[in-house]
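A short write-up of the structure that comes next.
Labels below follow one simple rule: chain letters A, B, ... track the order of the sequence lines, proteins then strands, and each chain is numbered from 1. Reckoned from all heavy atoms, side chains included, excluding hydrogens, waters and symmetry mates.
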There are 2 protein chains.
Amino acid sequence: MPDQMVMKAALQAYVDNINKGDAPAVIALFAPDAVIEDPVGTPPKRGQEIVDWFHQAVAMKAHLTPVAPIRGSHGNAAAIAFIVQTDWEGQVTRIHSLDTCTFDDQGRITELKGYWGLDDVDGCA
Amino acid sequence: MPDQMVMKAALQAYVDNINKGDAPAVIALFAPDAVIEDPVGTPPKRGQEIVDWFHQAVAMKAHLTPVAPIRGSHGNAAAIAFIVQTDWEGQVTRIHSLDTCTFDDQGRITELKGYWGLDDVDGCA
């Protein structure tokens with residue numbers, strides 16, 4: 001089980017690298033067999049789908065602003081609540097979101113679940 | 001699948017009823033076969049363990065302060081980030097925590113996972 005500080009550092013690196021627009025650095029935080037369900041309730045993404053997804057996020061100028069300290073657990077999981085803002089061809093969107101992640105022994109993300117619904121998007125409701 | 005507003009109302013009622021010290025009202029928000037893993041990484045609680053756990057929370061004067069709007073999903077799940085303060089025989093403890101929940105079709109909580117580690121407790125770390 002990775003140390004709590006290792007998991008929290010990985011989630012902080014996730015935020016920082018998305019905000020820098022560094023898709024390869026974001027993708028490197030994930031285990032090769034990682035699964036992303038974001039938003040929860042949509043089909044899981046794996047492998048190349050994850051690679052494509054983060055390149056798209058960077059193309060949309062995704063910017064994450066944490067709204068509270070990252071939470072750990074008593075196991076191999078951690079979580080972060082944030083607002084994500086995207087800017088796609090001048091259309092700015094803000095979503096109130098929250099991710100939970102599990103990690104392998106090397107501190108790589110094995111599963112990410114993103115909690116946000118349509119009514120968590122500013123301006124939609 | 002319950003409506004997003006139904007799940008968010010259930011999580012708000014969870015906060016409000018804990019803060020009122022109304023353990024039966026909190027327990028009534030859960031399906032009979034619900035499972036609680038709080039904190040994540042500890043053995044799951046079911047049935048009478050859940051009843052006992054919430055009565056203990058009320059005895060410890062647990063008080064939840066949400067730190068961001070409740071998040072929904074595109075499925076049967078929602079999440080809330082909060083600070084929980086307890087007061088046990090004069091010893092006040094504050095924990096930075098975050099819960100994810102799944103719901104049944106009647107809007108009852110079927111699973112609750114609480115994310116917090118020892119270093120999310122103010123004063124421990």
When you measure from the side chain of A:D105 to the backbone of A:M1, do you find a donor-acceptor pair of N or O atoms at a distance under 3.5 Å? yes
Are A:D120 and B:K8 ion-paired here, with the side-chain N under 4.0 Å from a carboxylate O? yes
Which heavy atom of A:V26 sits nearest a heavy atom of A:F30, and at what distance? O-CD1, 3.4 Å
Checking an interface table here. Which of residues 40-59 of chain B come within a heavy-atom distance under 4.5 Å of chain A? B:V40, B:G41, B:T42
Establish whether B:Y115 and B:I109 are linked, either directly or via other cluster members, by ILVMFWY side-chain heavy-atom contacts under 4.5 Å. no
Between A:T100 and B:T100, is any side-chain donor less than 3.5 angstrom from a side-chain acceptor? no
Side chain, backbone, both or neither: which part of A:I80 has a heavy atom under 4.5 Å from chain B? backbone
Are there residues of residues 62-79 of chain A whose heavy atoms fall under 4.5 Å of chain B's heavy atoms? If so, which? A:V67, A:A68, A:P69, A:I70, A:R71, A:G72, A:S73, A:H74, A:G75, A:A77, A:A78, A:A79
May I ask you to check whether A:D87 and A:Q91 show a side-chain donor-acceptor distance below 3.5 Å? no
Hydrophobic cluster identity match, A:L29 and A:V6, side-chain contacts under 4.5 Å: no
Are B:W116 and B:Y14 connected in the hydrophobic side-chain network, where two residues link if heavy atoms are under 4.5 Å apart? yes
Is A:I95 reachable from A:L98 through a run of I, L, V, M, F, W or Y residues, each pair having side-chain heavy atoms under 4.5 Å apart? no
A:S97 side chain to A:I83 main-chain N or O, any donor-acceptor pair under 3.5 Å? no
